Amino acid sequence: MKTATLASAFFAAMLFLFLPSGASAKGMSGKALFQKNCSDCHVNGGNIINPAYTLHKKDRQKHGVKTVNDIVHIMRHPGPGMHVFTKQMVPDKDAKKIARYILKTFK
Ligand code: HEC
């Protein structure tokens, strides 16, 4: 019995250690999550693929992207050139952190 408990504790620890430091890692800031998931295309809040769709307020407002939920919606249902971020890749909690970071950073 004791060995089994130890063994499962060991495996749990191994699992924890080898989990990829994915987007769902606890405690990542909105900024860190943005840099990990979005900044390849949205360098400094820009857009290297379609420059009309930057994350700056001027462009966002033209496209009706105003709230945290608007941004999360785009992550789940993006336009051409941006890939989908599923809940598995970026859970709602992290998606909202990213959205809040965008709203306060790119004005
Ligand atoms: C592979 C490149 C790529 C990545 C990675 C990417 N995007 Fe985008 N994003 C785009 C493109 C291209 C568009 C324009 C899509 C369109 O035409 O509707 C866009 C549009 C947007 C818009 C709308 C901007 C506007 O002015 O209307 C938001 C908001 C956005 N992306 C957020 C994100 C977030 C948040 C992430 C990370 C979780 C992300 N994007 C990752 C390419 C990318």
Side-chain angles (χ1 to χ4, degrees):
M1 191 61 188
K2 189 144 194 238
T3 327
T5 316
L6 266 177
S8 54
F10 176 76
F11 283 119
M14 292 306 275
L15 196 66
F16 179 75
L17 284 174
F18 287 102
L19 272 179
S21 59
S24 61
K26 280 210 174 84
M28 265 177 101
S29 67
K31 181 179 184 181
L33 289 161
F34 176 82
Q35 280 167 350
K36 179 174 189 304
N37 293 290
C38 321
S39 65
D40 285 351
C41 300
H42 296 290
V43 187
N44 295 324
N47 191 328
I48 60 163
I49 296 179
N50 185 344
Y53 284 77
T54 74
L55 302 182
H56 293 279
K57 195 169 182 179
K58 190 165 62 69
D59 286 334
R60 273 191 288 108
Q61 291 213 321
K62 267 189 229 158
H63 308 129
V65 182
K66 292 174 182 159
T67 64
V68 164
N69 284 342
D70 292 341
I71 294 176
V72 174
H73 180 81
I74 288 179
M75 291 169 65
R76 307 300 185 214
H77 311 275
M82 176 167 155
H83 65 82
V84 177
F85 292 87
T86 63
K87 285 187 192 198
Q88 284 70 40
M89 295 158 77
V90 182
D92 282 345
K93 197 165 143 269
D94 287 348
K96 286 181 182 167
K97 273 197 206 170
I98 295 176
R100 282 195 293 269
Y101 170 77
I102 290 172
L103 290 178
K104 77 165 191 236
T105 310
F106 307 118
K107 302 208 164 160

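In each ligand, atom 1 is the first atom listed, and ligand 1 is the first ligand listed. Heads up: numbering here begins at 1 and tracks the sequence. Note that the structure is a prediction, hence the values are computed from the model and not measured. Excluded from the calculations below are hydrogen atoms, water molecules and symmetry mates; all remaining heavy atoms, backbone and side chain alike, are included.
- Atom NZ of Lys31 sits about 5.5 Å away from atom CD of Gln35, to the nearest 0.5 Å.
- Of all the atoms in ligand 1, the ones that sit under 4.0 Å from a non-hydrogen atom of Ile102 are 35 (C).
- Here the NZ-OG1 distance, from Lys57 to Thr105, works out to 13.0 Å after rounding to the nearest 0.5 Å.
- For atom 29 (C) of ligand 1, the nearest non-hydrogen atom from the set Asp70, Leu55, Leu33, Ile98 belongs to Leu55.
- In this structure, the side chain of Asn37 engages the main chain of Leu33 through a donor-acceptor pair within 3.5 Å.
- Not one N or O on the side chain of Lys97 forms a donor-acceptor pair closer than 3.5 Å with the backbone of Ala32.
- For atom 23 (C) of ligand 1, the closest non-hydrogen atom of the protein is Ile74 CD1, 3.6 Å.
- When NE2 of His42 and SD of Met82 are joined through atom 8 (Fe) of ligand 1, the resulting angle is 180° to the nearest 10°.
- Residue-ligand proximity, Val65 to ligand 1, at heavy-atom distances under 4.0 Å covers atoms 27 (O).
- A side-chain donor-acceptor contact under 3.5 Å links Arg76 to the backbone of Phe85.
- Under 4.0 Å from ligand 1, the heavy atoms of Phe85 that appear belong solely to its side chain.
- If you check each of Ala52, Gly64, Pro80 against atom 12 (C) of ligand 1, the one with the closest non-hydrogen atom is Pro80.
- Every atom of ligand 1 is numbered from 1 in the order shown, and the set under 4.0 Å from a heavy atom of Arg60 is 26 (O).
- What you find for Cys38 and Ile98 is that their closest heavy atoms are SG-CG2, 4.0 Å.
- Not one N, O or S atom of Met75 sits under 2.8 Å from atom 8 (Fe) of ligand 1.
- In terms of modelled atom types and a separation under 3.5 Å, the side chain of Arg60 and the main chain of Lys66 share no donor-acceptor contact.
- Close approach of ligand 1 to Gly81 (heavy-atom distance below 4.0 Å) involves ligand atoms 1 (C), 2 (C), 12 (C), 42 (C).
- Across Cys38, Gly30, Ala95, heavy-atom proximity to atom 34 (C) of ligand 1 is greatest for Cys38.
- For atom 25 (C) of ligand 1, the nearest protein heavy atom (residue, atom name, distance) is His63 ND1, 3.2 Å.
- Val43 belongs to a hydrophobic cluster whose remaining members, ordered by chain and number, are Ile48, Ile49; membership requires side-chain heavy atoms of ILVMFWY residues under 4.5 Å apart, directly or through intermediates.
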Test side chain to side chain contact (heavy atoms under 4.5 Å, CB included) on Val68 and Leu103; report intermediate values, then the result. CA-CA 8 Å; Val68 164; Leu103 290 178; 3.8 Å; yes

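- Ranked by closest heavy atom to atom 24 (C) of ligand 1, the top entry among Asp94, Thr54, Asp59 is Thr54.
- Under 4.0 Å from ligand 1, not a single heavy atom of Asp40 appears.
- There is no path of hydrophobic side-chain contacts, each under 4.5 Å, that joins Tyr53 to Ile102.
- Distances from atom 16 (C) of ligand 1 to the heavy atoms of Gly79, Pro51, Gly45, Cys41 show the closest one on Gly79.
- Summary of contacts: the protein heavy atom closest to atom 13 (C) of ligand 1 is Asn47 ND2, 3.3 Å.
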